[in-house]
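Notes follow once the structure below has been shown.
Here is the naming used below: chain letters follow the sequence lines, and residue numbers restart at 1 for every chain. Not measured: the values here are computed from a predicted model.
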Amino acid sequence: MLDINFIRDHREVVKQGMINKGEKTADAVDLVIEKDEEWRKLVTEIGNLRAESNSRAKEIGKLMGQGKKEEAQQIINETGQTKEKVKELEQKLETIQKERDDLLYQIPNVPDQSVPVGHTEEDNEVISTWGEPNDEEWRLPHWEFAAEKRWLDFERGSKVAGAGFPFYVGKMARLQRALINFFLNEATDHGYTEIQAPYFVNEDSARGTGQIPDKEDMMYTVPRDGFFAIPTAEVPVTNFHRDEIFEMKDLPVYYTAYTPCWRREAGSYGADVRGLNRLHQFDKVELVKFVHPDESDKELESLREYAESLLQKLKLPFRTLLMCTGDMGFTQIKKYDLEVWSPGQKRWLEVSSCSNFGSFQARRMQIRFRNEKGKTEIMHTLNGSGLALPRVVASILETYQTESGDLIVPDVLVPYMGVEKI
RNA sequence: GGAGGGAUGGCAGAGUGGUCGAAUGCGGCGGUCUUGAAAACCGUUGAGGCUUCGCGGUCUCCGGGGGUUCGAAUCCCUCUCCCUCCGCCA
C-alpha cells in the first residue's frame with residue numbers, strides 16, 4: 001500500500017500510474033483523500049475529548065490519594081456524557097478508517113519513470129537476448145522426450161494427487177535436486193543467506209505480501225488450521241522480518257530459499273498447461289532483498305543480472321523483458337521477466353520475475369530501518385526467482401537432447417549429476 | 001491430546017486499580033577523566049498517530065481482541081503464542 005501522505009501530495013501522479021496499470025478509473029485516489037480528511041478530523045476530536053477525561057481522571061486520582069473523597073466524587077459526577085460521546089465517535093472512526101483503508105488497498109504502486117506505458121504483453125520491451133536457439137526439426141517437446149524415458153509421470157500424478165502434480169522419476173528427480181543445489185550454492189556464493197521457510201503461512205503473512213485480499217484464489221488453503229499453502233517463498237521469507245526495525249549498518253540483507261510452491265491456477269488451459277509448462281506444485285529457488293530506499297533501483301539491476309547469470313551458466317538461450325505498466329502487477333514499481341527458449345515447443349517460457357516493490361510491501365508489513373537521523377523509515381523490498389524449476393527443466397530437456405535420444409548434462413550440473421550424459 | 005505456569009521497553013526483570021510510558025540492572029548513544037583505551041562518574045536512550053512553519057501540545061500502544069471503571073500493565077471474558085509435566089510420535 002502507498003503512503004497516504006504521498007497520495008495527498010502526488011495526487012495526479014498516483015492517478016496516472018493507476019490508469020497506466022490498466023485500472024478502469026482512478027476515482028479511489030480522490031475518495032481516499034476525502035476519507036482521510038474525515039478520519040483526521042475525527043481523530044483530532046476524539047483526542048481532545050480523551051485529553052479532557054484523562055486530566056479529570058488524574059485529578060480524581062490525586063484527590064483520592066489525599067483522601068478527599070467528596071471532592072473526587074464531585075468531579076466524577078461532572079463527567080457527564082463524555083464517555084458515551086467518545087464511544088460513539090470511536091465507532092464512527094472505525095467505520096471511516098476501514099473505508100479509507102479499503103480504498104488505500106485498491107490503489108496500486110506507482111510505476112517507475114523508466115517503465116514503458118502499455119496495456120498488453122505486446123508492449124513489454126525486450127531489452128536483451130542471449131544465446132543462439134537451436135531449433136532443429138527433430139527436437140521433441142519435453143513431455144514427449146521424457147515420456148520415452150519414463151522420467152515424468154503425469155498419469156500417476158493425476159491418480160495420486162490431481163492434474164498438475166507430476167512425479168519426477170529416476171534421473172529426472174536427480175536433475176531437480178541438482179538444479180536446486182546449483183541454484184542455492186550460486187546464491188550463497190553471491191551473498192544471499194540461505195533459509196528454509198515454512199510451507200504454510202497464516203493469514204497475517206498472506207496479507208503482508210499482498211496475496212490477501214485480491215489474490216486469495218491463487219492459494220490452496222487448510223481451513224481447519226487457518227493456513228495457506230505458500231504460492232512462492234516470497235511470502236514466508238519477506239514476512240520473516242515483518243514488524244521489525246533494521247539498523248542501517250545491517251543493510252542490505254539478502255536471502256535465498258528453496259521451497260515448493262502451490263498455485264491453484266484456476267482457469268488455465270491448453271498449451272499453457274502441457275507438460276511442465278504450468279503446474280499446481282512446482283519447485284523454486286527464490287531471492288529476496290531488504291534494502292535502503294536509495295539503493296533499490298540499483299539492487300533491481302543486480303538482481304536481474306544475477307538471475308541472468310544462472311541461465312548463462314546453464315547455457316540456455318533466453319531473453320529479458322522489461323514489463324510494461326499494464327503487465328506488471330499491482331505491487332511493483334518495476335519488473336523484469338526472464339524467458340528461456342523452449343526449442344521443442346518453439347516458444348519462450350517465463351522462468352524468473354525480478355521485481356522492485358519500493359516501500360509498498362514493507363509499509364504493509366511495517367518493515368523499517370533507522371536512518372541517518374535515527375528516525376525509522378519504511379525500507380524497500382525486492383524479489384526474484386533464481387530460478388523456477390519446471391520450465392528450466394523443460395528447456396534443458398529440449399535444448400540438451402540429442403538426435404539419438406540422449407540427454408547431455410549441462411556442464412555446471414555434471415558435479416551434481418555425477419555423469420555427463422543420461 | 002491432558003494438567004499446570006507464563007507473555008511488560010534492545011535484553012533481563014519489578015510493578016496487582018489512581019501523579020505509570022512504566023522502577024532497577026545490562027546493553028546502546030553523548031559527555032567528564034585519559035596520550036589513547038578500559039574502569040569510574042554524569043546525562044541520555046521505545047513505536048506510532050493527530051496538530052504546528054517550528055518550539056511545543058495531545059492521543060494510542062505493557063502478546064491480540066472484547067469488557068468492568070471517573071480511571072486498567074494491574075480486575076473479568078476470549079484468542080494466540082511460549083514454558084513445564086504426562087501421553088503420542090518422524
Under the side chain to side chain contact (heavy atoms under 4.5 Å, CB included) test, residues paired with [X] that sit two or more places apart:
X: Gln106(A); answer: Ala28(A), Leu103(A)
X: Asn5(A); answer: Asp3(A), Arg8(A)
X: Val222(A); answer: Phe200(A), Asp225(A), Phe227(A)

Mind listing the N/O atom pairs, protein and nucleotides 44-47 of chain B, below 3.5 Å?
residue: rA47(B); atom: OP1; partner: Arg370(A); partner atom: NH1; Å: 3.0
residue: rA47(B); atom: O3'; partner: Arg368(A); partner atom: NH1; Å: 3.1
residue: rA47(B); atom: O2'; partner: Arg368(A); partner atom: NH1; Å: 3.3

If you look only at pairs with a residue in residues 325-339 of chain A, which of them pass as a salt bridge (Lys or Arg N to Asp or Glu O under 4.0 Å), with sequence neighbours excluded?
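Found Glu301(A)-Lys334(A), Arg319(A)-Glu339(A).
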Which residue pairs pass the salt bridge (Lys or Arg N to Asp or Glu O under 4.0 Å) test with at least one member in residues 360-386 of chain A, sequence neighbours excluded?
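Qualifying pairs, neighbours excluded: Glu247(A)-Arg370(A).
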Mind checking what makes ring pair (Phe, Tyr, Trp, His ring centres under 6.0 Å) contact with His241(A), not counting sequence neighbours?
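Ring pair (Phe, Tyr, Trp, His ring centres under 6.0 Å) check on His241(A) returns Phe246(A), Tyr255(A), Phe290(A).
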Residues that His119(A) engages under ring pair (Phe, Tyr, Trp, His ring centres under 6.0 Å), provided they are two or more places apart:
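Testing His119(A) for ring pair (Phe, Tyr, Trp, His ring centres under 6.0 Å), a comparison that skips the adjacent residues, returns none.
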Nucleotide by nucleotide, nucleotides 55-62 of chain B touches protein heavy atoms under 4.0 Å in the pattern (B base, S sugar-phosphate only, - none) ---SSS--
Would you tabulate the nitrogen or oxygen pairs shorter than 3.5 Å linking the protein to nucleotides 50-52 of chain B?
residue: rC50(B); atom: O2'; partner: Thr44(A); partner atom: OG1; Å: 2.4
residue: rU51(B); atom: OP1; partner: Arg40(A); partner atom: NE; Å: 3.2
residue: rU51(B); atom: OP1; partner: Arg40(A); partner atom: NH2; Å: 3.4

Taking only heavy atoms on the protein side, list every residue of residues 196-208 of chain A lying under 4.0 Å from any atom of RNA chain B, sorted numerically.
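Correct list: empty, so none.
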Please name all residues satisfying side chain to side chain donor-acceptor pair (under 3.5 Å) with Tyr254(A), sequence neighbours left out, ordered by chain then number.
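Side chain to side chain donor-acceptor pair (under 3.5 Å) list for Tyr254(A), sorted by chain: Glu299(A).
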